[in-house]
Amino acid sequence: AKTRRSVLNQLKAIVGQGPLDERAVTELETLLLQADVGVTVTDWVIQQIQAQIRQEALPPELALKLLSGLLRQVLERPYQHHAPNLTPVPGQLNIWLITGVNGVGKTTTIGKLAHLATKSGYKCLIAAADTFRAAAVEQVKIWGERAGVGVVSNPSANADPAAVVFDAIGAAQSRGVELLLVDTAGRLQNKQNLMAELQKVRRIIDKKAVNATVESLLVLDATLGQNGLRQAQVFTEAANLTGVILTKLDGTARGGIALAITQELGLPIRFVGAGEGLMDLRPFSSYEFVEALMGI
Amino acid sequence: MFEALSEQLEAAWKKLRGQDKLTASNIQEPLKVVRRALIDADVSVQVVREFIQGVETRAVGKEVISGVRPDQQFIKVVYDELVQVMGTEQVPLITAPQSPSIILMAGLQGTGKTTAAAKLALYLKKQDKKPLLVATDIYRPAAIDQLQTLGRQIGVPVFALGTDVNPVTIAQQGVAHAQSEGCDWVIVDTAGRLQIDQAMMGELAQIKTTIQPQEVLLVVDAMTGQEAANLTRTFHEQIGITGAILTKLDGDARGGAALSVRQISGQPIKFIGTGEKVEALQPFYPERMASRILGMGDVLTLVEKA
Ligand SMILES: Nc1nc2c(ncn2[C@@H]2O[C@H](COP(=O)(O)OP(=O)(O)OP(=O)(O)O)[C@@H](O)[C@H]2O)c(=O)[nH]1
Ligand SMILES: Nc1nc2c(ncn2[C@@H]2O[C@H](COP(=O)(O)OP(=O)(O)OP(=O)(O)O)[C@@H](O)[C@H]2O)c(=O)[nH]1
Ligand SMILES: [Mg+2]
Ligand SMILES: [Mg+2]
């Protein structure tokens with residue numbers, strides 16, 4: 001495997017020689033495609049670079065800056081319509097609905113968010129609305145304990161998730177909770193019944209918590225390939241997404257699908273998960289993300 | 001999806017009407033179309049490169065059969081090559097000469113190992129076998145609880161020693177327990193781990209050395225992107241896998257990871273997971289996977305004539 005340093009040197013050599021020849025295009029394309037950026041965004045980035053380099057020859061350092069600037073531009077596109085940072089509004093109820101396909105890290109991320117919010121002084125509560133998967137409630141309860149945050153659940157098997165959310169909103173309202181985190185069952189976006197169930201959860205939130213600030217966040221695993229874009233599209237329809245959380249960035253996967261999502265759907269990336277521990281979550285930074293993607 | 005690929009291929013061939021042979025130069029455009037389709041399907045860039053070379057070698061010099069459109073003939077070459085790489089037949093589980101036979105599950109976090117372990121146990125139970133599940137994931141919150149719940153659902157015992165015992169010891173005692181209970185299969189569930197996590201990979205290697213399993217099955221999520229190549233390479237180099245299970249194929253991902261796993265490890269994909277329920281396990285059929293990766297519903301009827 002190439003070391004990070006050599007990727008950087010390679011990049012410098014590629015982009016610092018005037019208009020990109022076929023070999024250079026292939027190299028750059030490979031770098032982006034191997035990060036799961038996808039064909040569409042990759043083509044766009046290369047076109048942009050070609051156009052600029054044709055106008056004026058750039059020394060390697062500047063050409064590299066041009067590339068990272070382009071990638072950041074893609075990632076920051078959503079900030080035209082969304083604030084660059086996401087924090088709960090203090091002194092009122094915020095509801096963050098956490099959704100995604102199976103196994104991406106929703107429940108773990110809930111634990112991390114609960115910890116982060118509590119540390120920042122918010123009064124927090126978790127709704128255990130995955131009533132389907134084996135031991136899902138037990139799992140989220142352990143995370144609640146770790147973060148020192150209460151968990152609202154329904155012990156009966158296959159309880160209605162919307163009912164759990166309804167109860168949790170009631171509890172949050174009466175206890176003066178500022179951030180209610182809703183854990184949902186993993187679901188593949190082509191399962192119509194499960195997407196309808198999610199829609200119902202979303203409707204309950206909008207109805208029962210009229211004055212709450214609602215964030216609907218899709219969790220994506222950095223190892224996901226091009227299907228991630230499809231997920232974001234379909235979950236947007238069912239849950240009215242307002243953002244994305246990218247997990248498992250502690251591995252070698254670069255999570256390039258994030259670029260396709262910001263470019264094509266305009267959804268901001270809000271947090272990144274980089275580990276299985278309570279503290280392994282931080283706000284998204286396009287700068288750090290691009291550095292990691294380019295192997296700098 | 002198939003329409004898209006075949007239309008693009010047709011367009012690429014339009015310029016070449018009247019040519020009666022596939023040549024190195026007239027297949028370049030169509031090859032580009034296929035390359036894009038494979039990358040869209042998440043086949044690793046490196047694997048795509050090798051694959052395209054294979055197709056090129058096979059295609060060049062082929063006479064176009066009269067009455068068959070060259071784009072169709074070309075796609076048949078692509079399809080055949082894909083099936084060839086995927087492995088042409090379904091490969092069953094390896095059994096030990098003496099019971100119990102041991103299966104070790106391995107893979108990244110959240111890919112579906114625990115679920116697949118339970119599915120395999122049910123699959124074996126339905127063949128009148130006596131399986132035992134072993135819970136060695138002492139890290140993930142409620143992982144043991146999850147396996148025990150699944151075990152109850154399918155009526156298969158689960159061997160567990162809590163979270164304070166070393167996973168290597170749990171695996172070892174689990175196998176011993178299976179022997180004394182006269183079980184004929186042992187399925188060892190393990191914690192998810194990144195292939196770059198030295199300590200966790202060391203632990204898995206030690207479990208393998210200790211229990212000497214017949215099968216080490218790498219569990220890979222069908223939605224995995226380019227990372228499939230890296231993880232397969234490292235798991236195979238550091239642990240040695242005997243096969244793979246591709247999960248979550250009930251989704252709409254094209255599943256190009258299958259090609260990468262197969263090409264890089266040389267080991268067969270043995271089963272696919274097609275749902276969250278414990279019954280949702282099926283044998284792997286290479287032809288179906290090839291059609292799916294190409295995004296073609298019924299490739300066979302289309303290329304029958306070719
Ligand atoms: N390495 C790593 N592992 C993670 C990260 N986030 C979650 N995981 C692991 O991924 C696996 C799945 O995490 P969960 O939180 O259960 O995922 P989920 O989306 O809630 O899963 P379902 O509810 O079954 O759909 C667990 O083993 C987690 O420890 C991360 O940022 N890095
Ligand atoms: N739709 C679908 N979901 C699946 C399939 N296999 C597993 N899942 C789901 O994927 C999620 C993760 O499955 P697990 O079996 O917990 O995965 P794991 O590899 O054991 O996870 P860790 O132990 O945390 O590494 C759960 O929500 C499962 O229900 C499948 O074939 N199809
Ligand atoms: Mg969960
Ligand atoms: Mg597990």
Side-chain angles (χ1 to χ4, degrees), chain A residues 1 29-40 42-43 101-108 111 132-143 145-146 157 185-191 194 221-228 230-231 234 247-248 250-257 275-276, chain B residues 35-37 39-46 48-49 108-115 118 139-153 191-192 194-197 220-231 233-234 247-248 250-257 275-276 278:
Chain A
E29 202 184 62
T30 303
L31 173 93
L32 293 172
L33 291 175
Q34 280 185 333
D36 292 310
V37 169
V39 176
T40 311
T42 297
D43 284 354
V101 299
N102 308 78
V104 287
K106 294 175 292 299
T107 306
T108 307
F132 178 74
R133 213 210 59 215
V137 174
E138 288 73 11
Q139 183 190 5
V140 78
K141 277 187 178 163
I142 293 174
W143 279 109
E145 271 165 38
R146 287 182 183 175
R187 68 199 76 223
L188 297 177
Q189 74 279 7
N190 62 337
K191 301 281 170 77
L194 296 179
D221 175 330
T223 58
L224 277 171
Q226 301 309 302
N227 195 248
R230 183 85 195 123
Q231 291 166 23
V234 181
T247 61
K248 308 188 191 174
D250 47 329
T252 47
R254 311 272 196 192
I257 193 64
E276 298 183 77
Chain B
R35 176 175 178 275
R36 256 184 115 94
I39 286 172
D40 253 345
D42 293 321
V43 181
S44 127
V45 175
Q46 168 97 49
V48 170
R49 203 170 288 150
L108 298 186
Q109 288 93 344
T111 51
K113 294 174 296 301
T114 305
T115 310
Y139 309 100
R140 169 175 168 169
I144 298 176
D145 201 343
Q146 183 189 4
L147 192 64
Q148 283 170 332
T149 306
L150 293 170
R152 270 195 302 278
Q153 270 175 32
L194 295 172
Q195 79 274 15
I196 52 166
D197 186 332
V220 181
D221 184 326
M223 296 177 281
T224 313
Q226 295 289 318
E227 189 65 2
N230 296 331
L231 80 93
R233 190 174 295 113
T234 312
T247 62
K248 308 181 198 174
D250 46 324
D252 56 13
R254 300 265 291 280
E276 294 184 71
V278 278

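Throughout, a chain's letter reflects where its sequence line sits, starting with A, and its residues are numbered from 1.
Here B:D145 is the residue among B:T115, B:T149, B:D145, B:T111 with the most heavy-atom pairs under 4.5 Å with chain A. Between chain B and the residues A:E29, A:R133, A:R146, the most heavy-atom pairs under 4.5 angstrom are made by A:R133. Between chain A and the options B:L194, B:N230, B:L231, the largest number of non-hydrogen pairs under 4.5 Å is found for B:L194.
In this structure, the portion of B:I196 lying under 4.5 Å from any heavy atom of chain A is its side chain and not its backbone. For B:D250, the parts sitting under 4.5 Å from any heavy atom of chain A are the backbone and the side chain alike. Contact annotation for B:R233: neither backbone nor side-chain heavy atoms come within less than 4.5 Å of a heavy atom of chain A. Of the atoms belonging to A:V137, not a single heavy atom falls under 4.5 Å from chain B. Within the 4.5 angstrom heavy-atom criterion, only side-chain atoms of B:E276, from C-beta onward, approach chain A. In this structure, the portions of B:Q109 lying under 4.5 Å from any heavy atom of chain A include both its backbone and its side chain. In this structure, the portion of B:R35 lying under 4.5 Å from any heavy atom of chain A is its side chain and not its backbone. Contact of A:Q139 with chain B is made through backbone and side chain together, with heavy-atom distances under 4.5 Å.
Residues passing the side chain to side chain donor-acceptor pair (under 3.5 Å) test with A:D36: none are found, sequence neighbours excluded. Partners of A:T108 under the side chain to side chain donor-acceptor pair (under 3.5 Å) rule, at least two apart in sequence or in another chain, do not exist in this structure.
Electrostatic pairing of B:R36 and A:D43 counts as a salt bridge here, judged by a charged N lying under 4.0 Å from a carboxylate O.
Contact check for A:R254 versus B:Q226: no side-chain heavy atoms found under the 4.5 Å cut-off. For the pair B:V220/B:T247, no side-chain contact is recorded, criterion being any heavy-atom separation below 4.5 Å from C-beta on.
Counting non-hydrogen atoms of other residues, nucleotides and ligands closer than 6.0 Å to NZ of A:K141 gives a total of 12 or fewer.
A:R187 contributes a side-chain N or O that, together with a main-chain N or O of A:L194, makes up a donor-acceptor pair within less than 3.5 Å.
Of all the heavy atoms in A:L188 and B:M223, the pair that sits closest is CD2-CE, 3.7 Å.
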